[in-house]
Amino acid sequence: MDILAGLNPQQRIAVEHGQGPALVLAGAGSGKTRVIAHRIAYLIGNMAARPENILAVTFTNKAAREMRERVQKIVGVSRSAEPLISTFHSFCVRLLRREIPHIGYKRDFSIYDTDDQKRLIRQILDEEKNPDLDISPREVISRISYAKNHGVSPDQYTARFPSQIADDVQHIYGQYNARLQQSNSLDFDDLLLKSVDLLRKVPEARKYYGDWYKYILVDEYQDTNRPQYELLRLLTSVHKNLFVVGDEDQSIYKFRGADIQNILKFEKDFPGARIIKLEQNYRSSQNILRIAGAVVENNTERKGKTLWTENDSGDIITCHCEKSAREEAGWVASRIREVLLENPDCHVAVLYRANFLSRNFEDALTEKGIPYAVVGSVAFFSRMEVKDLLAYLRIVFNPEDDVALLRIINTPPRGIGNAAIDMLTEAALNRNLPILQVLREKARDPQVSRRFSRPLLRFQELVDKWTAIQESSSIAQLLEAVLNDTQYREMLQKQETATEAENRMANIDELIRAAAESEERGETIADFLDRASLASELDHLDPNARVALMTLHSAKGLEFDVVFLAGMEEGLFPHSQSMDSNEDIEEERRLCYVGITRAKRKLFITWTPFRKNYGPEAGFASKMSRFLKEMPQDLIEGLDEPDYFDQRPQHRSYFHEAGARYEEISKHKGYQAKIREEELPQPKTIAELKAYLQQKERASEAAGSGASAGPVFKAGMRVRHEQFGEGIVLSRERTGNDIKLVVAFSRVGKKSLIERYAKLKAL
DNA sequence: GATTTACGCCTTTTT
DNA sequence: GGCGTAAATC
């Protein structure tokens, strides 16, 4: 196969680029994967590069796999060396499994995913025993990750990111890092950081790998973060052959530390870099490209390129507004049915801003009998039973992995209760030892009562047994041994409903199959665990699925004949938490651009003013997304806001009210913002809204008055509860948006109740 | 120690 | 409104 055949002039220039750094600015659908694949082939075929000296980095496993297949198609499958095509994270794991002893870890380190991180953080928070420490593990994790990605160590934290909780975060951050190291474990961020660390601190390693990888190619360069950038710098310090492909208009991972500046100032970072723009789009119709371009043009943080295509102008874009999220989903499902009836081979995607939106679409599609695949709901490797079994493998593989140990120490129940676990963790903490080692001691300690030590000893013997057979048996066999010895399946049958247990057993079988397959490929237990840690749901997307449901983020890099962009409302898209700064809005806009440009032939956009929040309705009507208004209006049909009253006579009362509320409330500018802030419990009318706000003001004067009409309870009052009977109010205080009452009932004693829900009667 | 009940958090996006 | 973990209860 001729490597250069079928390439357009710009693609060809990129593929034929010689030595030195190069930046390919590739718009959506302009063939960037193609360019990388062909360049790899070109390096091997025309520049006499040895395949094993080539490293290509992608962001997802799926992209890596596809790249590998494409390269093989062009150069043919060679039995000798192949170029290394992998994600940043798996490249780092590979590097570290060989070299990490240089920086004080053991080769069989564990990888902690978000769930493991959360467990560790929670453990640390518990040990602090400090009631003033009021931070959620989630918050801590995201702050630690942010710090790590910006090269800020625990001792620099307060100085670099001052805030009210900085001291607490700094302390926990330090603890967290120490505990990770003690458990011989790395989190996702560490995989990159420790790789950088290694190459910095160990000149021989830097020289070796820098020299080894003569050509490095990076896909989706706009999404690289700082550690990734540093890693690339170190790896290219010898040959300087860094070839990156990216599109600043598709940079959507700022929240994960991606720095759009990496692509914007590439020429500064790598002097003499050649810049190549790919502007011809092969994917979408002209109309789709025009609206995509019109949206992203509103951004300032971009280099600017204009996509063009030889494709037809195509269909007009269809916008549709429904009266509820359910009906929005129903409408989408109906259109999908039409599309599939017309062309059964059509690939359709429903794209949304946040995962929780998938539910309505799943229901609607199921109702209409349309098969679909969801990306990113509950990932296979994060299912409870799968994680349990992997934790067993981890503890055999890395006996210092405390998080894995604590996960399964009493699952299934084996008589090691909370008291025993507390004793072990405390001793381990005091003596800086892995919990398993302390457990070994306590299991044989004559001072420990039999009641505690016997189960410990039995558990230890099991672990020893598995460790012993690990040498001689396959991963699948080891898993079977664990399942038998622990009676894990029996536990599921006992604890779960029949269908649930069956489901989980099927997952276990699937895991064993995956283990067997992994072994067939010649992988070790470490490879298998690494794969499980770094796998993502996207990797399992069935390419034959006609209808795919996923977030806009997951959709990057994919294409579909027909795309539905759902939930196009202010507050959802752009998301309310990304509306404060222009920088955030620009990222949301890029996300919108990504969504639009996934479509090849036809784009539908839907929204609803009356989406439910957590169950209750939002309490105000959402407005159409500003991004809709940025699109050329002549290319879209159905943009006008419909009249709800006439369309739905059968729901007249409800929608009359909702519609009236919408119109009236939107006239009162400023109220909307206020409602948002205070999370008003559903104002039904403007009068009620005003009453609420007035009452609120009075309340702030005379601190602590009630939120809604009705009797106001005070300490000392006698009250009656439907279930608990009569009692006396002891105290009344505000907690968040609610009023909490503590009432002493004569029959059932002291209870705390939420005033709004308790249905108390004054006596 | 297991089963039941309460509450708290969630809904931004992920390797 | 729903799920998972933490406390309360048996």
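Residue numbering restarts at 1 for every chain, and letters A, B, ... go by the order of the sequence lines. Note that this is a predicted model, so its numbers are computed, not measured.
- Distances were taken from every side-chain heavy atom of A:R122 (C-beta onward) to each of B:dT13, C:dT5, B:dT15; the shortest belongs to C:dT5.
- Taking the charged nitrogens against the carboxylate oxygens, A:R353 and A:E588 do have a contact shorter than 4.0 Å, which makes a salt bridge.
- A:I111 comes within 4.0 angstrom of nothing in the nucleic acid, heavy atoms only.
- Stacking of A:H89 onto the six-membered ring of B:dT15 is not present when judged by under 5.5 angstrom between centres and under 30° between planes.
- Using a 4.0 Å heavy-atom cutoff across all strands shown, A:Y253 reaches sugar-phosphate atoms only and no base atom.
- Toward the 5′ end of DNA chain B lies the nearest nucleotide of A:F452, the other residue of the pair A:F452 and A:Q577 mapping further downstream.
- Checking the phosphate oxygens (OP1, OP2) of B:dT14, a side-chain nitrogen or oxygen of A:T551 falls inside 4.0 Å.
- The nearest pair of heavy atoms linking A:E301 to A:Q261 is OE1-NE2, 3.0 Å.
- Here A:R256 does not reach the OP1 or OP2 of B:dT12: none of its side-chain N or O atoms lies under 4.0 Å away.
- The residue among A:E588 and A:N418 whose nearest nucleotide of DNA chain B is located toward the 5' end is A:N418.
- By the 4.0 Å N-to-carboxylate-O rule, A:D259 lies too far from A:R226 to be salt-bridged with it.
- Between A:F255 and B:dT13, a base-stacking contact is recorded: ring centres under 5.5 Å apart, planes less than 30° from parallel.
- The phosphate of B:dT11 (OP1 or OP2) has no side-chain N or O of A:N355 nearer than 4.0 angstrom.
- When the nucleotides B:dT12, B:dT14, C:dA6 are ranked by their closest atom to the side chain of A:S578, B:dT12 comes out on top.
- Taking a pair as Watson-Crick or G-U with both hydrogen-bonding distances under 3.5 Å, the stems of three or more pairs touching DNA chain B are B:1-9 with C:2-10.
- Among B:dT15, C:dG2, B:dT13, the nucleotide with an atom closest to any side-chain atom of A:A354 is B:dT13.
- Taking the charged nitrogens against the carboxylate oxygens, A:E587 and A:R590 do have a contact shorter than 4.0 Å, which makes a salt bridge.
- Using a cut-off of 4.0 Å between Lys/Arg side-chain N and Asp/Glu carboxylate O, A:D247 and A:K32 are scored as not salt-bridged.
- For the salt bridge (charged side-chain N to carboxylate O under 4.0 Å, His left out) test, residues two or more places apart in sequence or in another chain that qualify with A:R394 are A:D116, A:D401.
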